[in-house]
J.: 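Here it is: the structure, laid out below.
Worth saying up front: this structure is predicted, and the values here are computed from it rather than measured.
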Amino acid sequence: MKILHTADWHIGKKLHKHYLYTDFERFISWLIAVIQEEKIELVLVSGDVFDLANPSAEARKQYYKSLKQLSNLNCKLIITGGNHDSPSMLDAPREILEALNVHILGGMPENPADCLIPVQGKKENDELVVAAIPFLRDGDIRAAESGVTYENRIEAIRKGIEAVFTQAAELCKHKFPGQPVIAMGHLYAAGIEPSESERDIQIGNQAAFQASQFGEYFSYVALGHIHKPQRVNAAIPAFYSGSPLPLSFSERTDEKRVLILDTSTGFEPKSVAIPTFRKLNKLSGDLERIQSKLQALTSEGELTNLIEVELIEENFDTNRIAQLDTLVTEFNTPGLEIVKHRATFKNRLKATGKLFDAEQHLEDLKPLEVFTKMLEQNSYDAETKAKVTLAFQELVEHLNTADPA
């Protein structure tokens, strides 16, 4: 049997001011071609189908349209909920979707045996079982470890997750003896490399699940939640497929992929790279270096490339901030768009209260003395400082002589 593992679709994701609907549409078109070419019989989606628990009408429309397209390929789909998903929202159309050979587990069912989905391939000896375990919330973990207490909550979470996977393995041994089992999971495993876009789960990812806790029974563990594709150091093949699209600028250098297993040769997957539909660029340096980098950029992929710009200067200078704003405003290169910019100064301005000796109090100082101290932190030339000082004096004089009425 040939199986495709993907995860973290995050339909409805907004990257700065850009929704990624068009990006996802291109991914699905590409995925359909891969399924047809590779003759895939089973597709696993390991959580975070949507970016929000209450997705927009547009996001839901794209979801159902994608399921319809995939179900037409004569392959089975098994989808589990992630920490971004609403279990009830995903589970609501379960019976209807099963008619399309799409199986959904939005949340952990009361009966753990309901997570077990037998899959019959085109050949009788291709039969296997999928333990489709969605993201485990506190209630699911407590139910798995009922009657057991731990002083340390983090340890309780780890043990609770382990109990769910152990229980699934035991049920498979009893109900489907001798059949290979693939487990699906949406969690944070110890020792992996996250990116900026994953939302913390299970008290800030402190309860990192140890790979050894998967045990040795499962033939493969199809993981979601971490967007960077990578292998987990476990006794059995356990992989994060990663997200199909870069969901933050921290993922701009990741090679996005899906994983394909051929059970006739084993459970080590092969990686199939996803094309880059929209490139993300992050530029940093002083103003001159940023200008040079922007001029050298060319658009790649089918969609508008997005750019983050960070100005890095030694000393605070409002002129440089204004010049950066002008550069961004006037930037107009087809296929490229700056979506975020900021300025960082290595020598930060001191707060007003830290400019003077401890025995000096601001209320005892004249406005011009405070202003002069603040002005000294800027790298203005002498002429500019003189003009700014004169303007400040005029403002102070106006305030002091203005009619209070």
J.: Starting from the C-alpha separation in whole Å, work towards a yes-or-no answer on side-chain contact (heavy atoms from CB on, under 4.5 Å) for Ile161 and Gln213.
T.: CA-CA 9 Å; Ile161 296 172; Gln213 293 176 283; over 6 Å; no
J.: Just wondering, do Thr80 and Val45 contact through their side chains at under 4.5 Å, heavy atoms?
T.: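 Not touching, per the 4.5 Å side-chain cut-off.
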J.: What pair of heavy atoms forms the shortest contact from Ile104 to Tyr63, and how long is it?
T.: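 For Ile104 versus Tyr63, the nearest heavy atoms are CD1-OH, 3.4 Å.
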J.: Locate the shortest heavy-atom distance separating Gly82 from Phe135; write the atom from each residue and the value.
T.: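 Closest pair (atom of Gly82, atom of Phe135, distance): C-CB, 3.6 Å.
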J.: Under the rule for side-chain contact (heavy atoms from CB on, under 4.5 Å), what residues qualify as partners of Thr389, not counting sequence neighbours?
T.: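 Once residues adjacent in sequence are excluded, the partners of Thr389 under the side-chain contact (heavy atoms from CB on, under 4.5 Å) criterion are Leu368, Phe371, Leu375, Gln393.
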J.: For a side chain to side chain contact (heavy atoms under 4.5 Å, CB included) with Ile274, tell me which candidate from Thr6, Val258, Leu31 qualifies.
T.: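 The single option meeting the side chain to side chain contact (heavy atoms under 4.5 Å, CB included) with Ile274 is Val258.
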J.: Under a 3.5 Å distance rule, please check whether Lys2 uses its side chain to pair with a backbone N or O of Glu38 as donor and acceptor.
T.: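 Side chain of Lys2 to backbone of Glu38, a donor-acceptor pair under 3.5 Å: yes, one is there.
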J.: Going by heavy atoms in the side chains, are Leu77 and Leu67 under 4.5 Å from each other?
T.: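 Yes; the side chains approach each other to less than 4.5 Å.
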J.: Measure across Arg231 and Pro237 and return the closest heavy-atom pair with its distance rounded to 0.1 Å.
T.: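 Residues Arg231 and Pro237, closest heavy atoms: NH2-CA, 4.0 Å.
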J.: Using the rule given for salt bridge (charged side-chain N to carboxylate O under 4.0 Å, His left out), can you reason through Glu58 versus Lys61, listing the C-alpha separation, both sets of side-chain angles and the distance that settles it, and then say yes or no?
T.: CA-CA 5 Å; Glu58 180 67 23; Lys61 180 180 178 181; 5.2 Å; no
J.: Under the 3.5 angstrom rule, does the side chain of Arg342 hit a backbone N or O of Glu310 as a donor-acceptor pair?
T.: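 Such a contact is absent between Arg342 side chain and Glu310 backbone.
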J.: Where does the angle between the aromatic ring planes of Phe239 and Tyr220 fall among parallel (under 30°), tilted (30 to 60°) and perpendicular (over 60°)?
T.: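 Ring orientation of Phe239 relative to Tyr220: parallel.
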J.: Would you indicate whether the side-chain heavy atoms of Ile32 and Leu70 approach each other to under 4.5 Å?
T.: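 Of all side-chain heavy-atom pairs linking Ile32 with Leu70, at least one is under 4.5 Å.
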J.: Rounded at 0.5 Å granularity, tell me how far OG in Ser292 sits from CG in Asp286.
T.: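 Rounded to the nearest 0.5 Å, the OG-CG separation comes to 10.0 Å.
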J.: Check the pair Tyr240, His186 against ring pair (Phe, Tyr, Trp, His ring centres under 6.0 Å), reporting the backbone distance first and the verdict last.
T.: CA-CA 9 Å; Tyr240 286 100; His186 192 88; 8.6 Å; no
J.: Kindly determine whether Lys76 and Glu41 satisfy salt bridge (charged side-chain N to carboxylate O under 4.0 Å, His left out), including the steps that lead there.
T.: CA-CA 6 Å; Lys76 190 185 200 72; Glu41 299 165 66; over 6 Å; no
J.: Check whether any side-chain N or O of Asp8 sits under 3.5 Å from a backbone N or O of His227 as a donor-acceptor pair, and report yes or no.
T.: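 Such a contact is absent between Asp8 side chain and His227 backbone.
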J.: Kindly compute the distance separating CG (Asp48) from NE2 (His10), expressed to the nearest 0.5 Å.
T.: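 Answer for the CG-NE2 pair, Asp48 versus His10, is 4.0 Å.
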J.: Who passes side-chain contact (heavy atoms from CB on, under 4.5 Å) against Ala113, sequence neighbours left out?
T.: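 With neighbours one apart ignored, the set is Asn111, Leu171, Lys175.
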J.: Tell me, which pairs form a salt bridge (Lys or Arg N to Asp or Glu O under 4.0 Å) where one or both residues lie in residues 79-92, sequence neighbours left out?
T.: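 Of all non-adjacent pairs touching residues 79-92, those that pass salt bridge (Lys or Arg N to Asp or Glu O under 4.0 Å) are Asp91-Arg94.
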J.: Applying side-chain contact (heavy atoms from CB on, under 4.5 Å), name anything that partners Glu383, two or more places apart in sequence or on another chain.
T.: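 Per chain and number, Glu383 pairs via side-chain contact (heavy atoms from CB on, under 4.5 Å) with Asp381, Lys387.
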J.: What residues form a side-chain contact (heavy atoms from CB on, under 4.5 Å) with Pro55, not counting sequence neighbours?
T.: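 Residues passing side-chain contact (heavy atoms from CB on, under 4.5 Å) with Pro55: Phe50, Ala59, Arg60, Met89.
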J.: Which residue pairs satisfy the side-chain hydrogen bond (donor to acceptor under 3.5 Å, both in side chains) criterion with at least one member in residues 64-75, sequence neighbours excluded?
T.: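 Qualifying pairs, neighbours excluded: none.
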J.: Checking the side chain of Gln230 only, and the main-chain atoms of Lys228 only, is there a donor and an acceptor separated by less than 3.5 Å?
T.: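 Yes, the answer is positive, given that a donor and an acceptor are paired below the 3.5 Å cut-off.
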J.: Do other residues, nucleotides or ligands put more than 12 heavy atoms under 6.0 Å from the CD atom of Gln179?
T.: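 Yes, CD of Gln179 has more than 12 neighbouring heavy atoms, counting only those of other groups under 6.0 Å.
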J.: Looking at Tyr19, I'd like to know if its OH atom is crowded, meaning that more than 12 non-hydrogen atoms belonging to other residues, nucleotides or ligands lie closer than 6.0 Å.
T.: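 Counting neighbours around OH of Tyr19, 12 or fewer heavy atoms of other residues, nucleotides or ligands fall under 6.0 Å, so no.
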J.: Looking at side-chain heavy atoms only, is the closest gap between Leu187 and Leu136 below 4.5 Å?
T.: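 They are not in contact (no side-chain heavy atoms under 4.5 Å apart), so the answer is no.
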J.: Kindly indicate whether the side chain of Pro112, heavy atoms from C-beta on, has any atom under 4.5 Å from the side chain of Val164.
T.: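 Answer no - side chains too far apart.
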J.: If the condition is salt bridge (Lys or Arg N to Asp or Glu O under 4.0 Å), which residues does Arg289 pass it with, not counting sequence neighbours?
T.: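 So Arg289 forms no salt bridge (Lys or Arg N to Asp or Glu O under 4.0 Å) with any residue.
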J.: Output the distance between atom NE2 (His16) and atom OG (Ser248), rounded to the nearest 0.5 Å.
T.: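 It comes to 8.5 Å.
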J.: His84 side chain to Asp51 main-chain N or O, any donor-acceptor pair under 3.5 Å?
T.: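 Confirmed, His84 side chain pairs with Asp51 backbone.
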J.: State whether Lys256 and Asp254 are salt-bridged, where the test is any N-O pair (Lys NZ or Arg NE/NH1/NH2 against Asp/Glu carboxylate O) under 4.0 Å.
T.: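 Judged by the 4.0 Å cut-off on N to carboxylate O distance, Lys256 and Asp254 do form a salt bridge.
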J.: Ignoring hydrogens and geometry, is there a side-chain-to-backbone donor-acceptor pair from Thr304 to Leu336 under 3.5 Å?
T.: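 No: the side chain of Thr304 does not pair with the backbone of Leu336.
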J.: Among all residues two or more places apart in sequence or in another chain, which pass the salt bridge (Lys or Arg N to Asp or Glu O under 4.0 Å) test with Glu337?
T.: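 Salt bridge (Lys or Arg N to Asp or Glu O under 4.0 Å) list for Glu337, sorted by chain: Lys17.
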J.: Indicate the atoms forming the closest heavy-atom contact of Ala343 with Ile321, along with that distance.
T.: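 Scanning both residues, the minimum pair turns out to be CB-CG1, 4.2 Å.
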J.: Determine, step by step, whether Ile40 and Ile3 satisfy the side-chain contact (heavy atoms from CB on, under 4.5 Å) criterion, reporting the C-alpha distance in whole Å, the side-chain angles of both residues, the deciding distance to 0.1 Å, and the verdict.
T.: CA-CA 6 Å; Ile40 300 296; Ile3 303 164; 5.9 Å; no
J.: Please collect all ring pair (Phe, Tyr, Trp, His ring centres under 6.0 Å) contacts where either partner lies in residues 254-287, sequence neighbours excluded, each pair once.
T.: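 Qualifying pairs, neighbours excluded: none.
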J.: To the nearest 0.5 Å, how far apart are CG in Leu297 and CD1 in Ile307?
T.: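 Output value for this atom pair is 5.0 Å.
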J.: Regarding Asp325 and His341, do their side chains bring together a donor and an acceptor under 3.5 Å, going by distance alone?
T.: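 His341 and Asp325 do have a side-chain donor-acceptor pair below 3.5 Å.
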J.: Minimum heavy-atom separation for Pro244 to Ala7, with atom names?
T.: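 Closest approach of Pro244 to Ala7: CD-O, 3.3 Å.
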J.: Name all residues meeting the side chain to side chain donor-acceptor pair (under 3.5 Å) criterion together with Arg320; count only those two or more places apart in sequence or in a different chain, and write none if there are none.
T.: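 So Arg320 forms a side chain to side chain donor-acceptor pair (under 3.5 Å) with Glu288, Glu313, Gln323.
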J.: What's the shortest heavy-atom distance between Pro109 and Cys115, and which atoms?
T.: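 Smallest heavy-atom distance, with atoms named: CD-SG, 3.4 Å.
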J.: Could you work out, with side chain to side chain donor-acceptor pair (under 3.5 Å) as the rule, every residue matching Gln36, not counting sequence neighbours?
T.: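 With sequence neighbours excluded, Gln36 shows a side chain to side chain donor-acceptor pair (under 3.5 Å) to no residue whatsoever.
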J.: Could you walk me through whether Phe27 and Phe24 pass the ring pair (Phe, Tyr, Trp, His ring centres under 6.0 Å) test, one step at a time?
T.: CA-CA 5 Å; Phe27 161 67; Phe24 186 77; 5.8 Å; yes
J.: Would you say that Leu15 contacts Leu247 through its side chain, given a criterion of any heavy-atom pair below 4.5 Å between the two side chains?
T.: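 No, every pair of side-chain atoms sits at 4.5 Å or beyond.
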J.: Set out, in order, the CA-CA distance, both residues' side-chain angles and the distance that settles side-chain contact (heavy atoms from CB on, under 4.5 Å) for Ile338 and Leu306, then state yes or no.
T.: CA-CA 6 Å; Ile338 299 174; Leu306 307 182; over 6 Å; no
J.: Return yes if some donor-acceptor pair links the side-chain N/O of Asn305 with the main-chain N/O of Arg278 below 3.5 Å, else return no.
T.: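 Between the backbone of Arg278 and the side chain of Asn305 there is no qualifying donor-acceptor contact (under 3.5 Å).
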J.: Do Pro180 and Val129 touch side chain to side chain, with heavy atoms closer than 4.5 Å?
T.: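 SC-SC contact between Pro180 and Val129 ruled out.
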J.: Hey, are the side chains of Ile182 and Val221 touching, using non-hydrogen atoms and a 4.5 Å cut-off?
T.: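 They are not in contact (no side-chain heavy atoms under 4.5 Å apart), so the answer is no.
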J.: Between Glu127 and Val119, is there a donor-acceptor pair closer than 3.5 Å when you use the side chain of the first and the backbone of the second?
T.: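 No: the side chain of Glu127 does not pair with the backbone of Val119.
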J.: Taking side chain to side chain donor-acceptor pair (under 3.5 Å) as the definition, give me every residue that meets it alongside Glu300, ordered by chain and number, with sequence neighbours left out.
T.: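 Partners of Glu300 under the side chain to side chain donor-acceptor pair (under 3.5 Å) test: Lys279.
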